[in-house]
Amino acid sequence: MVIVADTKTDIGHDSKILVAAKTFVCGGIAGCCAKTCVAPLDRVKILLQTHNKHYRHLGVFSTLRQVVIREGVLGLYQGNGVQMIRIFPYAALQFLTYEQTKKIAKNVTLLSHSPNITKLLCGSIAGLTAVLVTYPLDLIRARLAFQVQGETIYDGILHVVRSIRHLEGGFRGLYQGITPTLLGMAPYAGLSFCSFEFLKNLVLDMFPNVFGKPCPQNTGGIVLILPAKLLCGGLAGAIAQTVAYPLDVTRRNMQIYGMIRRNIPLSSRRKWHEVLVKTYKEKGITKGLYRGLSVNYIRIMPSVAISFATYETVKQFLGLDTDLNHLNL
């Protein structure tokens with residue numbers, strides 16, 4: 001007896017796995033490109049958000065200058081090694097989850113008639129998934145970026161992990177600040193994806209000859225040119241970050257607290273809402289909850305712009321638009 005395999009089903013299954021793999025790679029590459037480009041501004045943002053004693057009275061550009069004077073040019077990239085280890089799986093998971101949840105949402109009647117809400121929801125789920133998986137690396141990166149030359153506490157990634165596990169509550173210590181991160185990530189990631197998709201469709205509908213170029217492989221026959229991708233991505237990042245920024249400040253302060261007050265048990269430390277209120281009462285809005293926002297605008301606009309632009313470009317290069325159209329995903 002000869003058993004005939006369902007070739008169509010097998011090919012379809014294999015193709016979907018290939019599409020998922022391509023999406024994962026596209027997202028990872030996009031994240032690494034974006035974070036490497038803005039690594040110096042990332043370091044400055046952390047120093048300003050956490051009121052590092054050497055830089056607390058400085059502005060964005062004066063902090064950049066002082067970091068170079070005090071720690072050399074490489075000081076601007078301190079902590080970027082662990083950032084790269086973190087950002088590839090983070091960005092890859094975020095983009096992959098976003099694409100997969102969009103596909104699932106097409107079959108949900110309630111969501112199929114609300115494209116903007118769908119994108120907002122899918123983006124939020126994607127951001128939350130990526131954060132939960134990679135959060136310890138974000139905490140480690142923040143601590144390595146916070147310490148300055150001559151006053152180092154940690155020798156590297158493994159030293160941070162061992163120190164937190166022994167002195168700050170074991171495995172739970174690696175998730176300090178996770179609550180405000182999740183609360184901030186849902187609107188941030190959701191608004192990032194939703195805003196980008198909205199702006200992308202808007203400019204292609206209104207100015208197809210200015211911001212678009214023919215692409216027969218794409219379902220719609222037209223895609224954004226690179227400057228338009230950067231513009232839409234930058235605006236999307238600015239919109240999302242403005243909403244979520246106070247929770248980002250809260251997260252950073254909770255991540256760094258264990259470095260400053262290592263003798264205080266994890267269970268006795270302030271909860272996220274107490275840190276938020278304390279920051280507001282002591283520093284106010286502009287110098288507290290939105291401390292470092294100016295550098296974050298300078299950082300987040302090129303970061304998100306490069307991320308989305310790279311993702312869209314690599315996606316087109318790998319033929320993902322064609323794959324998605326062929327598989328009806």
Side-chain angles (χ1 to χ4, degrees), residues 35 38 41-53 55-56 60 63 79 82-83 86-87 90 94 123-124 127-147 160 164 168-169 171-192 237-262 264-300 303-304:
K35 286 297 182 181
V38 299
L41 295 173
D42 261 337
R43 174 101 201 275
V44 170
K45 186 189 82 162
I46 290 172
L47 293 171
L48 293 178
Q49 281 184 326
T50 53
H51 297 271
N52 185 286
K53 64 181 180 180
Y55 306 102
R56 65 178 58 167
V60 176
T63 299
V82 67
Q83 176 77 312
R86 165 188 169 264
I87 203 63
Y90 172 87
Q94 189 174 39
S124 298
L128 293 173
T129 302
V131 161
L132 284 170
V133 174
T134 63
Y135 186 79
L137 288 169
D138 183 49
L139 184 146
I140 293 166
R141 192 262 167 165
R143 293 201 175 188
L144 291 176
F146 178 77
Q147 59 185 13
V160 179
I164 291 174
E168 300 180 50
F171 182 74
R172 284 180 59 237
L174 293 170
Y175 278 86
Q176 295 172 71
I178 186 65
T179 301
T181 303
L182 293 176
L183 291 173
M185 179 51 68
Y188 172 72
L191 282 171
S192 291
I239 292 168
Q241 192 63 68
T242 302
V243 175
Y245 195 76
L247 288 166
D248 189 46
V249 171
T250 303
R251 167 182 63 131
R252 287 301 184 203
N253 280 284
M254 292 182 74
Q255 288 178 337
I256 299 303
Y257 189 79
M259 289 179 68
I260 303 170
R261 304 288 179 86
R262 305 182 80 187
I264 298 178
L266 189 63
S267 58
S268 301
R269 295 176 188 174
R270 289 187 177 93
K271 304 294 187 249
W272 72 269
H273 53 87
E274 294 172 333
V275 175
L276 186 69
V277 172
K278 182 175 182 291
T279 302
Y280 170 70
K281 287 183 176 179
E282 292 184 357
K283 307 291 183 181
I285 295 177
T286 56
K287 294 183 178 180
L289 296 180
Y290 281 90
R291 169 75 168 166
L293 182 63
S294 57
V295 69
N296 207 52
Y297 278 143
I298 300 171
R299 178 194 73 90
I300 202 66
S303 177
V304 177

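Quick note: numbers below take in every heavy atom, side chains included, and nothing from hydrogens, waters or symmetry partners.
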To the nearest 0.5 Å, atom CZ of R56 lies from atom CZ of R291 at 9.5 Å
key: Check: L132 main-chain N/O paired with Y175 side-chain donor or acceptor under 3.5 Å   = yes
Smallest heavy-atom separation, A145 atom then I46 atom, equals CB-CD1, 3.8 Å
**Message:** Testing the 3.5 Å rule here: is there a donor-acceptor pair between the side chains of E168 and Y257?
**Reply:** no
Interatomic distance, CG@L41 vs OG@S303, rounded to 0.5 Å, equals 9.5 Å
Residue set satisfying side-chain contact (heavy atoms from CB on, under 4.5 Å) with K287, at least two apart, ordered chain then number -> none
Taking every heavy atom of G123 against every heavy atom of A189, the minimum-distance pair comes out as O-CB, 3.2 Å
All heavy atoms of P187 vs all of V243, minimum pair found to be CB-CG1, 4.3 Å
For residues 128-141, the salt bridge (charged side-chain N to carboxylate O under 4.0 Å, His left out) pairs (sequence neighbours left out) are R86-D138, D138-R251, D138-R252
Scanning both residues in full, the closest heavy-atom pair of L182 with L128 reads O-CD2, 3.4 Å
Output for pair (L47 CG, K53 NZ), nearest 0.5 Å, gives 13.0 Å
Rounding to 0.5 Å, atoms CG (L48) and OH (Y55) come to a distance of 10.5 Å
| task | Would you check if L289 and V249 make a side-chain contact, meaning some heavy-atom pair closer than 4.5 Å? | result | no
Looking only at heavy atoms, the pair that brings P180 and W272 closest together is CD-CB, 3.4 Å
With a 4.5 Å limit on heavy-atom distance, are the side chains of Y135 and L174 in contact?
no
Just so I know, are the side chains of K35 and R299 near enough to count as touching, which here means a heavy-atom distance under 4.5 Å? yes
OG1 of T250 to CZ of R270, rounded to nearest 0.5 Å, is 12.5 Å
Output for pair (Q49 CD, Y245 OH), nearest 0.5 Å, gives 4.0 Å
Applied to residues 43-52, the salt bridge (charged side-chain N to carboxylate O under 4.0 Å, His left out) test, sequence neighbours excluded, yields R43-E71, K45-D248
In short, P246 meets L276 closest at the heavy-atom pair O-CD1, 3.9 Å
Do you see a donor-acceptor pair shorter than 3.5 Å between the side chains of T242 and Y290? no
Fill in: Residue pair L139 / I164, side-chain heavy-atom distance below 4.5 Å
yes
I'd like to check V131 versus I178 (side-chain heavy atoms, cut-off strictly below 4.5 Å). Are they in contact? yes
